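Notes follow once the structure below has been shown.
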Amino acid sequence: MTVKIAYLGPVGTYSETAALAFANSLPPQPRQLIPYPSIALALRSVVQNQADLAVVPVENSTEGSVVMTLDALWQLPGLQIQQELVLPISHALLSPRQSLTEIKTVYSHPQALAQCQKWLENNLPNVPIIPTNSTTEAIQILDRETNSAAIASPRAAKLYHVPILIQPINDYPDNCTRFWVMDLTSHPQGERMSLAFQVLDQPGALVKPLEVFAKRQLNLSRIESRPTKISLGEYIFFIDLEINPEQQHLIAATLEELSNYTDAIKVFGAYQVVNLPVESLEEL
């Protein structure tokens with residue numbers, strides 16, 4: 001049976017690189033990578049059984065969380081994290097031009113633009129910066145706007161046969177992005193667990209849920225809020241929880257008690273974290 005893997009396309013995005021790395025880790029079997037025009041549609045394809053898995057970005061070390069992923073996970077039912085992939089990110093400036101002085105416009109995905117903001121301010125301070133749906137969509141614009149440049153990966157430059165003008169241009173050399181491999185199967189064991197909850201409208205609404213973890217000495221490696229989009233001042237809190245083997249037996253009781261202090265809760269499951277070495281990505 002062919003394993004169908006959804007990702008944010010088109011071909012050549014960082015999401016596709018992560019999806020390929022994950023696909024190559026699977027046992028030998030037919031597999032098909034399916035590009036989608038948005039993160040939400042890639043995740044929805046799994047919920048609607050159009051794909052078996054989706055590989056989506058969740059957090060960048062420079063720019064923080066990918067809010068489109070978090071919002072979609074809260075809104076869509078049944079999605080579970082199978083694995084986390086940590087992908088090194090190296091941005092390049094692609095253009096058919098041979099000099100920065102010839103560049104009239106720069107295109108890329110908003111995350112890539114933000115991760116190269118200082119470089120752009122220092123080297124192309126007066127050039128308009130225009131966001132696109134993906135880094136490779138930006139490359140496709142260069143066919144009709146030859147005085148423009150795109151920020152994308154060196155791999156994408158090879159795939160689309162566009163010269164690299166300068167590389168790397170990301171503001172921080174250790175730039176990396178966390179990707180989640182999502183499916184509909186529960187995964188109870190892992191070194192990390194992620195969940196989200198909406199608190200009750202009462203004093204100490206956030207303190208009480210956090211105390212549930214603190215009194216069991218469970219470490220929270222990330223916590224952040226997103227608006228419910230229903231009413232101003234109402235939030236959903238996303239949490240990453242680190243779990244060592246000795247703490248596995250505490251999880252069920254923790255989640256049960258947490259439900260007493262939340263209006264709604266979604267557990268996205270436990271999972272292992274895989275750091276992808278740069279050399280393993282160069283042959284993709």
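Here the structure is a predicted model, which is why all the values come from computation and not from measurement.
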* To do: Determine, stepwise, if the pair L70 / I236 fulfils side-chain contact (heavy atoms from CB on, under 4.5 Å).
  => CA-CA 10 Å; L70 299 183; I236 301 155; over 6 Å; no

* L206: which of F237, Y261, Y235 passes side-chain contact (heavy atoms from CB on, under 4.5 Å) -> F237

Is the number of heavy atoms from other residues, nucleotides or ligands under 6.0 Å of [X] [atom1] greater than 12?
| X | atom1 | answer |
| --- | --- | --- |
| R44 | CZ | no |
| N122 | CG | yes |
| Q98 | CD | no |
| Q48 | CD | yes |

[atom1]-[atom2] distance between [X] and [Y], expressed to the nearest 0.5 angstrom:
| X | Y | atom1 | atom2 | answer |
| --- | --- | --- | --- | --- |
| T135 | L8 | OG1 | CG | 8.0 Å |
| K266 | L195 | NZ | CG | 12.0 Å |
| S225 | E234 | OG | CD | 13.0 Å |
| I239 | E224 | CD1 | CD | 10.5 Å |
| K118 | I169 | NZ | CD1 | 14.5 Å |
| R192 | N219 | CZ | CG | 10.0 Å |

* Please state whether the rings of F268 and F238 are parallel, tilted or perpendicular, taking 30° and 60° as the class boundaries. => parallel

Please find the pair of heavy atoms, one from [X] and one from [Y], that lie closest to each other, and give the distance.
| X | Y | value |
| --- | --- | --- |
| P57 | S15 | CD-OG, 3.7 Å |
| V46 | D183 | CG1-CA, 4.0 Å |
| P110 | P131 | CG-CB, 3.8 Å |
| S65 | Q111 | O-NE2, 3.8 Å |
| D174 | S61 | O-OG, 3.7 Å |
| G9 | P35 | CA-CB, 3.8 Å |

Side-chain heavy atoms of [X] within contact of [Y], under 4.5 Å:
| X | Y | answer |
| --- | --- | --- |
| V66 | V56 | no |
| N133 | S38 | no |
| P168 | P173 | no |

* To do: Evaluate the criterion side-chain contact (heavy atoms from CB on, under 4.5 Å) for residue pair L124 and W119; output intermediate values, then yes/no.
  => CA-CA 8 Å; L124 296 169; W119 188 94; 4.0 Å; yes

* To do: Taking only Lys NZ, Arg NE, NH1 and NH2, and the carboxylate oxygens of Asp or Glu, determine whether R222 and D240 approach each other closer than 4.0 Å.
  => yes

* To do: State whether a side-chain donor-acceptor pair under 3.5 Å links E191 with Q272.
  => yes

* If we ignore angles and hydrogens, is there a donor and acceptor under 3.5 Å between the side chains of S99 and T101? -> yes

Hey, is the main chain of [Y] close enough, under 3.5 Å, to the side chain of [X] for a donor-acceptor pair?
| X | Y | answer |
| --- | --- | --- |
| E257 | F213 | no |
| N170 | S90 | no |
| N147 | R97 | no |

* H109/Y14 under side-chain contact (heavy atoms from CB on, under 4.5 Å): CA gap, chis, key distance, verdict -> CA-CA 11 Å; H109 187 274; Y14 293 99; over 6 Å; no

* To do: Tell me, with the steps shown, if T185 and Q82 meet side-chain contact (heavy atoms from CB on, under 4.5 Å).
  => CA-CA 8 Å; T185 305; Q82 182 182 124; over 6 Å; no

